[in-house]
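What follows is a set of notes on a single structure, which appears directly below.
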Amino acid sequence: MNDPAIQVPLIRVRNLAFRYHAGRPLLEGVLFELRAGERLGVSGANGSGKSSLLQLLMGLERPAAGTVELFGHLCRDEVDFRPLRGRIGLLFQDADDQLFCPTVEEDVAFGPLNQGYSHAQVRGIVARTLADLGLAHLAQRPTHQLSGGEKRAVALAGVLAMQPDVLLLDEPTTCLDEDAQARVTRLLLGLPQAMVIVSHDPHFLRCVASRTLLLRDGALCAMPVVRPVLRSV
Amino acid sequence: MNDPAIQVPLIRVRNLAFRYHAGRPLLEGVLFELRAGERLGVSGANGSGKSSLLQLLMGLERPAAGTVELFGHLCRDEVDFRPLRGRIGLLFQDADDQLFCPTVEEDVAFGPLNQGYSHAQVRGIVARTLADLGLAHLAQRPTHQLSGGEKRAVALAGVLAMQPDVLLLDEPTTCLDEDAQARVTRLLLGLPQAMVIVSHDPHFLRCVASRTLLLRDGALCAMPVVRPVLRSV
Amino acid sequence: MTTSVVHPLAHGDSVIHRIDPRVRLLCVLAASVCIAATSRPGPLLAACALAAVLVLVARIPWRPLWRRLRVLNAFMAIVLLTVPFSMQGETIWQAGALGASREGLAQALRIILTGNTLVLLLTSLVATIEPTVLAHALLHLRVPDKLVRILMFAVRYIDVLNDSRLRMDRAMKARGYVARCNAHTVRTSAYLVACLLAQSLDRAARIERAMRCRGWRGQFPVLNHFHAGARDVRFACLFAGALAAAMVMP
Amino acid sequence: MHISEGVLSVPVLAGGAMLAAGAIAVGLKKLPDERIPQAGMLCAMFFVASLIHLPVGVSAVHLVLNGLCGVLLGWAAFPVIAVALLLQALLFGFGGLSVLGANIVVMGVPAVLCSCLFHAGFSTLTPHQAGLRGALAGGGAVALGIGLMTLALWLSSGTAYWPLIGTVLLAHLPVMAAEAAVTGAVVFLLARTRPTLLAPALT
């Protein structure tokens, strides 16, 4: 999916700052690059701004300062972000926010239809995406009747159906039971896309990320050195 | 708070069974007692029925079989549980479900108002409870603007304001970052009440519980012997 | 603790469940017009029998059916207690100053019969459609797109919001709350409503973002299509025939 | 606050359906595409709120909240109420398809009227004034709704329904009180904590 000739980073963020309307600054001077094939983990405490960072990358929030470059294009406004949104897929923290269509099939089709594919093509894409993720049996089910793990998986299918080059994942395993967590982890490890994975679970990040940064005091820094301690599982 | 003369267990559960409407049995033959001063930890995987157990103890779900005795009273129906609810405080897993009042002060006042205290008395109780937990500065804050850790602490204040003899805590540290977890742990260790603490974090349970049982295959059993393994934090 | 509010009656595979939902909707609409327009007892009785047969064929569980009929007939009891006495006509029963008229009694019975027939029809033919399928059927019946989208969002999120309401309900109960007829109850209900309101508006904002992320440009694409087959046509003809036969009853 | 199937005459049913269709069309026109998710969520929320019961004396009333619906949505209240009523008919058997139009008018017209009255000079209101207006809107919407219901019953059968209408009126008095109290409290709360929600955003 990624043209190997492209040497520019998929995402390049410089000095990004963000604050809620009248609040204290949440992010300040955030700086990182994402290259093809990388899986960047972003760890951090509750309320440290992890989700806001992903929203900024999608152009859903406006930064107070700094720049976001996607695929070499400097993106400032809705107009800049819009044509690139198909190439970046964001998986929301709460799958219920993302699965707004009445049935699984329609939900997965929503993105490709917006991208302008014909109905026949879309039906093919939907069938293929669901089959790839082992979800074909859910196609006709109403979304409001899915279990938590199924919802997360279908939301991922909806994002993947747009054939993005980059995935942004917001706490992809939170609130899932252990089986569903393992399932999602396996799914992610099988995908070719570059990813930014936000999670407060360091164990999960160690499993899936190729490198991990820590978001603390509004900035991204290297993870502190892992100090092994005796701890029972 | 507990009359030392009372020799009956605070909670006595016998052969408790529970299932969702048409689902497989979730709990079967659960058997335990809680005595004054005890802090009983209940460990178990997600979906093993830990939360349902607490809901059964509060009379919020109806058992398929078995009995719940609270303070020596056999409780079958809403009518039996209702007068005892003030003496047992349940901290919900998701603080957002519990904090529905617009401000912290009003939320902490909700329980005492239900218990029939006068407005003047309630004001006193609220001020004292918040001060005890070091939350006095939050009194006027809107609940929806609190951080995750603050929400959990305020939810606990709302429960403690009813001056219960027993606390039931459902995953009191889940979704909290490490600072907030440490804070909640300190809070719990400083409380005199007997507790049932449900958590899937064995490390946390070792810190706060005086004994721990494992919920597996629908029944409570002794924790398997701890086998220490090297694991990084 | 999730008990779905939004589910069709009789998750079944009866003959009725397999009929094209558009056909079923049109049948109920046509029948509603005919039944509302008729006032003679013969056709009403026949139509009521037809509706009852459909309820049996659709294998509607008796408990929800009874709940629906109880709601309706609580009101019908008031009709039966008032209308015969307030309508002019030949007195058939005298209780002090009050006289029940034959015309009034006939009118009350007509109302009761009509109401029950229409509710039975709705229950057997329309309430058995999966709500999301119903939305699609409405779209194909030229109901305005925006209206159907509102229906789709509502169907999608009613259970999400209701679960949240039930969880808050339990949390309130756990803190000793009992609904009574007093100011505390009013205030608590208002808190609950305000909470649900805030939750729904926050979620709407997040959904709007999720839609933009997936390239939404203000139109909702439609994927599903219905195909009426021979069975649907047969059902429509049979239903029309039965309805016509009922309407010409003496 | 539903009119049951079977009570209204054909001309009243037809008139109600036509009025409702027109009002829904206006409401949809005033609802921009990007607000559809919000309208849908509010529809779900009003449906769920109608499951909340308040005890009144020996019986209980469930919340209607059509006044609040109008205050929050303006003309867009019509399509939202239409969908909520359709779902109540399908899922609970309240009302039915043939009286759907009449029921939409009975709930929707008061909602829109209340919205106009509520938002007149809103920017100058304190939370207490807003709450008072909210209470008037909530109680007034039910009162107006009962008025419209009475009109529909009277048009259907003239004086023959008077005792029936009287009974319906009596039955709705506690609903009116509960609506006024709850709507007032909700609006007061919103004015205090989230005033932007009360701006007539959707009118």
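Every heavy atom of this structure was used, including side-chain atoms; hydrogens, water molecules and symmetry mates were not. We name chains A, B, ... by the order of the sequence lines, and we start the count at 1 in each one.
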Most heavy-atom pairs under 4.5 Å with chain A, out of C/Arg206, C/Arg209, C/Met152, belong to C/Arg209

Can you confirm whether the side chains of A/Thr129 and A/Asp132 place a donor and an acceptor under 3.5 Å from each other? no

Is A/Leu60 in contact with chain C via its backbone, its side chain, both, or neither, using a 4.5 Å heavy-atom distance? both

Verdict with reasoning, C/Leu121 to C/Ile35, per side-chain contact (heavy atoms from CB on, under 4.5 Å): CA-CA 11 Å; C/Leu121 270 181; C/Ile35 292 165; 3.7 Å; yes

Where does C/Glu130 contact chain A at under 4.5 Å (heavy atoms): side chain, backbone, both or neither? side chain

At what distance, to the nearest 0.5 angstrom, does CG of A/Leu57 lie from CG of A/Leu16? 7.5 Å

Checking heavy atoms, do the side chain of A/Phe100, its backbone, both or neither come under 4.5 Å from chain C? both

Side chain, backbone, both or neither: which part of C/Val160 has an atom under 4.5 Å from a heavy atom of chain A? side chain

Of the listed A/Leu99, A/Thr143, A/Asn114, A/Val122, the one with the largest count of heavy-atom pairs under 4.5 Å with chain C is A/Asn114

A/Arg85 vs A/Met162 side-chain heavy atoms within contact, under 4.5 Å: no

On the ring face of A/Phe71, is A/Arg87 found with NZ or CZ under 6.0 Å from the centre and within 45° of the axis? yes

Please determine if A/Arg62 and A/Asp77 form a salt bridge, counting it only when a charged side-chain N lies under 4.0 Å from a carboxylate O. yes

Identify which part of C/Val6 has an atom lying under 4.5 Å from any heavy atom of chain A, answering side chain, backbone, both or neither. both

